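Some notes on the structure that comes next.
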2 protein chains.
Amino acid sequence: MTSERSSRKGGRSRDPRGERGIPEATVARLPVYLRALTSLSDSDVSTASSEDLATAAGVNSAKLRKDLSYLGTYGTRGVGYDVNYLRYQIAREIGLTQDWSVVIIGIGNLGHALANYSGFASRGFQVTALLDSDSARVGEAVGGLKISSLDDLDAIVQDNTVAIAVIATPAEAAQEVCDRLVAAGVSSILNFAPAVLSVPGHVDVRKVDLSIELQILAYHEQRKAQGVLADLDELEAGAI
Amino acid sequence: MTSERSSRKGGRSRDPRGERGIPEATVARLPVYLRALTSLSDSDVSTASSEDLATAAGVNSAKLRKDLSYLGTYGTRGVGYDVNYLRYQIAREIGLTQDWSVVIIGIGNLGHALANYSGFASRGFQVTALLDSDSARVGEAVGGLKISSLDDLDAIVQDNTVAIAVIATPAEAAQEVCDRLVAAGVSSILNFAPAVLSVPGHVDVRKVDLSIELQILAYHEQRKAQGVLADLDELEAGAI
DNA sequence: ACGATTTTGTTCTCGCGTTCACAAACTCTT
DNA sequence: AAGAGTTTGTGAACGCGAGAACAAAATCGT
Ligand SMILES: NC(=O)c1ccc[n+]([C@@H]2O[C@H](COP(=O)([O-])OP(=O)(O)OC[C@H]3O[C@@H](n4cnc5c(N)ncnc54)[C@H](O)[C@@H]3O)[C@@H](O)[C@H]2O)c1
Ligand SMILES: NC(=O)c1ccc[n+]([C@@H]2O[C@H](COP(=O)([O-])OP(=O)(O)OC[C@H]3O[C@@H](n4cnc5c(N)ncnc54)[C@H](O)[C@@H]3O)[C@@H](O)[C@H]2O)c1
């Protein structure tokens, strides 16, 4: 969706190793369920039905039940799901029982916003380094961290066992930065630059592209407008 | 995708009006093709084959050809596509031959970055207003615009015939802001707040959720790590 | 003029994802 | 204890999207 699909072949179909895999579409929804469960838990709700959860997550309840069924049978028929128990199970499945170290490359407009964002830490993602190639920026403190030089990348990735990196550089620099990240051992990348990244098969790339989102909205908006015009034409043609 | 599907029923299947619709998955890729074409055009390439374009866009060439076939038959067999002609046709189809007026609500960390971003204007999206509820922020100039009060929303939307709004407020405020936008006549919303928005059927919502993206990466990362462990076990068990 | 070559547009097939619908399993009431 | 009422988990049907494969259409070389 909305985004570049993972480069690995998806699906729950038989793995070489025989492990059960969760469908990609389901993986993308689990975080939404997690958020809904956290919200319910904060309101001291201890049990919720698939209908309740589905409403909170903005999906249809059959889909939610099927999604959860890939994790195991954590519900009780006639009752529903234990909010805290299910929350833990989803968190475990996604891998949020451990903390993840994240580095951000390119501390410009967007990089600053990301570095100052508190919503990552609260979900188990610890920003451990900020990197920029601009020597004028190196040393500057942002969100409690000092900006490091890109030359320190290898050392930083090793020291913090970083698996996830965020690219917020201009598009021209994205592929080169990406290559250096991969060489340093990073195997998951979130890319904000409007560029197609090419990576080896074991590396996952996801992209966030605001211009594309706006263009998709524009397409539908244009269609709505055309519909209105067509309706007007029908009226003028005396179709009613 | 990465993102909340459009609320309208998708697909190219027969419309009540009988207009041909473009599949949602194709719509999401057209902007990528557009970017690739622009890049080729800037390098003075006048003709490109589906293979060339597919490589530049990071997709498979059969998929690209099929996508383009929904727009019309703009290629020449044995030759390829005229870069500028195709670029114009895609832009027209998406609705980029007109300019779109965009407003941003919530000018905090992220809102500032968006307001300062030049990449929107260059793709036909004109940011015409910045709104915030914090009276201390109203009047502040950001990226050549002054922040307006949320109370002026109705007037601003009317004056600029705004169809598209970007929500960058905290999650708690998102639904209320959304309701006000819809009431003012906005029918396309790009939501950055980690909240499920409920809107009437004629309004399109797309969401950009960084925490979800990171969690999806974490899931795959965890799986890779488990795979390595399993391999180690096999080794220890003398499987080789 | 014509065969070889290139490349598009489209048909066909397969697999994934969504949704419906219902039996199974649990609780609650009497 | 038994029947009524809930709610889960899943089998089955269906539609959309991806990709392989190929016929049709254009160019090029001779
Ligand atoms: N600002 C936004 O709201 C926004 C919105 C959508 C997309 N984007 C995209 O995000 C990216 C960043 O946008 P921005 O507005 O922050 O840009 P920016 O120019 O403000 O910041 C880019 C930063 O990257 C650094 N940089 C450049 N080359 C580098 C390299 N090789 N290695 C490391 N750092 C390098 C620069 O020094 C600068 O600090 C761009 O690709 C942009 O298209 C930004
Ligand atoms: N900063 C990031 O990098 C980042 C990343 C991912 C998601 N987000 C999400 O984006 C949203 C904004 O993040 P941020 O870091 O900019 O937060 P922020 O707190 O810096 O900014 C929020 C802004 O919204 C304004 N606001 C609050 N209520 C409002 C209302 N009812 N109407 C209009 N304006 C209102 C506030 O005055 C403030 O200026 C949040 O929902 C956040 O979760 C941010």
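Fair warning: this is a prediction, and the values are worked out from it, not measured in the lab. So that the names make sense, note that chain A is the first sequence line, chain B the second, and so on, each numbered from 1.
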Query raised in the report: Counting side-chain heavy atoms from C-beta on, which of D:dT27, C:dG9, D:dT7 comes nearest to B:T73?
Result: C:dG9
Query - Whole angstrom value for the distance that separates C1' of C:dT8 from CG of B:L71 - result: 14 Å
**Report entry** Options D:dA18, D:dT8, C:dT10, nucleotide nearest the side-chain atoms of A:R77
**Finding:** D:dT8
Report task. May I have the distance from B:L30 (atom CG) to D:dG17 (atom P), rounded to whole angstrom? Result -> 13 Å
Query raised in the report: Could you state the CD-C1' distance from B:E24 to C:dG17, rounded to the nearest angstrom?
Result: 15 Å
Query raised in the report: Salt bridge check: are A:R123 and A:D99 linked by an N-O gap of less than 4.0 Å?
Result: no
Query raised in the report: Once you round it to whole Å, what is the distance between P of D:dA18 and CZ of B:R65?
Result: 15 Å
Query - Between D:dT6 (C1') and A:E51 (CD): distance, integer Å - result: 12 Å
**Report entry** Side chain of B:N60 - closest among D:dA21, C:dC22, D:dG19
**Finding:** D:dG19
Query - Salt-bridge criterion met for A:D82 and A:R87 (N-O under 4.0 Å) - result: no
Query - Main-chain N/O of A:D52 paired with A:S49 side-chain donor or acceptor, under 3.5 Å - result: yes
Requested in this report: Verify the contact: side-chain N or O of A:Y81 to OP1 or OP2 of D:dT6, cut-off strictly under 4.0 Å; return yes or no.
Outcome: no
Query - Check: A:Y74 ring centroid to A:Y81 ring centroid under 6.0 Å - result: no
**Report entry** Interatomic distance, B:L64 CG vs C:dG9 C1' [rounded to whole Å]
**Finding:** 12 Å
Query - Qualifying residues under ring-ring contact (aromatic ring centres under 6.0 Å, His included), relative to B:Y117, sequence neighbours excluded - result: B:F120
**Report entry** A:T26 or A:T76, whichever maps to the more 5' nucleotide of DNA chain C
**Finding:** A:T26
Query raised in the report: Considering only heavy atoms and no angle criterion, is a donor-acceptor pair shorter than 3.5 Å present between the side chain of B:K66 and the base of C:dG9?
Result: no
Query raised in the report: Within this structure, what is the CD1-to-P distance between A:I22 and C:dC16, rounded to whole angstrom?
Result: 15 Å
Requested in this report: Send over the distance from B:L68 CG to C:dT10 C1', rounded to a whole Å.
Outcome: 13 Å
Report task. Considering just the side-chain nitrogens and oxygens of B:S50, establish if one lies under 4.0 Å of OP1 or OP2 belonging to C:dT7. Result -> no
Query raised in the report: Given C:dT19, C:dG17, D:dA18, which nucleotide is nearest the side-chain atoms of A:A25?
Result: C:dG17
